[in-house]
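All values below were derived from every heavy atom in this structure, side-chain atoms included, with hydrogens, water molecules and symmetry-related copies excluded. Sequence lines set the chain letters: A, B, ... in the order given, protein chains first and strands last, and positions in each chain run from 1.
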Protein chains: 2
Amino acid sequence: MQMKTGVEQSVYAVLLLNMLPEKAVLHSEVISGQIGASPTYFQKLLRKLVSADLITSVPGVKGGFKLKKNPEDIRVYDIYVAIEGQQSLYSPSGILNDVLELEKDDRCCVLGELMEEAEDSWKSVLKRETIASLSEQVESKRFVNHVTDLKNWVEENMVV
Amino acid sequence: MQMKTGVEQSVYAVLLLNMLPEKAVLHSEVISGQIGASPTYFQKLLRKLVSADLITSVPGVKGGFKLKKNPEDIRVYDIYVAIEGQQSLYSPSGILNDVLELEKDDRCCVLGELMEEAEDSWKSVLKRETIASLSEQVESKRFVNHVTDLKNWVEENMVV
DNA sequence: ATAATTCGGATAATCATTGTCCGGTTTAAT
DNA sequence: ATTAAACCGGACAATGATTATCCGAATTAT
């Protein structure tokens, strides 16, 4: 039970896109290069983010990706769902139902209720934080100089 | 990102073992038969529970498994850790460190802190519930008659 | 027109989980 | 003592999900 690395990469990608000025986009291979991800697979992650309406893609020469929503409206949870899908951490196999000889309608999986509560609790933390608040943390922490380096890098590599 | 089915099976196994009278044990194949798990793999799960000191094994003819701790002292979380190990849901790959050109010592993974908090929140729910409280729920809910059936089955199949 | 890019599908590679097998050890019963 | 039935633990195979690659099509700036 481990989170996909794709979620982590996607979060950082969105953080990078958040550094873009208006109208500018970032080429997918440039991003994956910076993050150190496999370019082809990373494209698929980006497309999932596009499908989830979190980022926008611009096809053609000088194309690339940029944010679609405001950073305050992109929760870490949204990125997680975009990449991993909505399936829950725990899929009850109905074992206890068999054991107790229950009907299928009898939705009373004791363990399931607990797991659902645990998962909700986990999700609520991911829903709390947004790209805006994460960016703020990165900037306000102890490495402001590195952030300016990174922003310079973005400006050098962005298009339009 | 999905929880191993082994965790679910293990929880139910422990619930079954909790129905045993003192000194009695349950044969591993009998349990896996009831739960509908593959017998050989299920043995491995049981041995993990043994290693975690949650249950005891009795080798030899008339051998089997029984609880080692009191049901109040076995948390769902303990079973989860016994089966899945202690690795966290999120293993930071240090991407942001690379991006920000940080030293390895600089443990300031923004996303990591958030994920850790989320995971702690998730775990706290699993730590709250014990085998005792789960058993109580099963018994007190709406299927008391099924539980007595199950207890009869345990008595028929237990050893010593 | 051409080159550079995203899009979407098919498919392969990798890895964790699940499952099997076998020889060894322990114990009850004969 | 011998035997049979169970647990022990390691090696290894099968399965399935994630990751990764490739290719042709669509789009757009030059």
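A:Ile83 has its CD1 atom 12 Å from the C1' atom of D:dT18, to the nearest Å. Atom P of nucleotide D:dA17 and atom CE of B:Met3 are separated by 16 Å, given to the nearest angstrom. Rounding to whole angstrom units, CG of residue B:Leu26 and P of D:dA6 are separated by 12 Å. As a whole-Å value, the separation of B:Lys4 NZ from D:dT18 P is 15 Å.
A heavy-atom distance below 4.0 Å to DNA chain D is reached by these residues of residues 40-54 of chain A, ordered by number: A:Thr40, A:Tyr41, A:Lys44. Within a heavy-atom distance below 4.0 Å of DNA chain C, no residue of residues 153-160 of chain A is found.
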Under 3.5 Å between N/O atoms: give me all the protein pairs with nucleotides 27-29 of chain D, atom names plus distance.
unit_1	atom_1	unit_2	atom_2	d
D:dT27	O2	A:Gly60	N	3.4
D:dT28	O2	A:Val61	N	3.4

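Under the salt bridge (Lys or Arg N to Asp or Glu O under 4.0 Å) criterion, B:Lys127 pairs with no residue, sequence neighbours left out. Shown here are the salt bridge (Lys or Arg N to Asp or Glu O under 4.0 Å) partners of A:Asp120, two or more places apart in sequence or in another chain: there are none.
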Review point. Hey, mind stepping through A:Tyr80 and B:Met1 against side chain to side chain contact (heavy atoms under 4.5 Å, CB included) and telling me if it holds?
Key: CA-CA 10 Å; A:Tyr80 164 77; B:Met1 187 183 190; 3.9 Å; yes
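By the 4.5 Å heavy-atom criterion applied to side chains, B:Leu49 and B:Ser10 are counted as neighbours. A heavy-atom distance below 4.5 Å is found between the side chains of B:Arg128 and A:Leu114. With contacts defined as side-chain heavy-atom distances shorter than 4.5 Å, the pair A:Ile55/A:Leu17 qualifies. A:Asn157 places none of its side-chain heavy atoms less than 4.5 Å from the side chain of A:Ile31.
Atom NZ of B:Lys44 and atom OG of B:Ser38 lie 10.0 Å apart (nearest 0.5 Å). Taking CD of A:Glu22 as the reference point, atom CG of A:Leu67 lies at 10.0 Å (rounded to 0.5 Å).
When the side-chain nitrogen and oxygen atoms of A:Thr5 are compared with OP1 and OP2 of D:dT19, one or more of them lie within a distance under 4.0 Å. For the pair B:Ser57 and D:dC8, the criterion of a side-chain N or O lying under 4.0 Å from OP1 or OP2 is met.
A donor and an acceptor atom, one from each side chain of A:Gln137 and A:Glu129, are located under 3.5 Å apart.
With ring centers used as reference points, A:Tyr77 lies 6.0 Å or more from A:Trp122.
Running 5' to 3' along DNA chain C, contacts with non-hydrogen atoms of chain A at under 4.0 Å begin and end at C:dA3 to C:dT17.
We find that A:Glu139 and A:Lys151 are joined by a salt bridge, their nearest charged nitrogen and carboxylate oxygen being less than 4.0 Å apart.
Linking ILVMFWY residues whenever their side-chain heavy atoms come closer than 4.5 Å, directly or via other members, leaves A:Val25 and A:Ile74 in distinct clusters.
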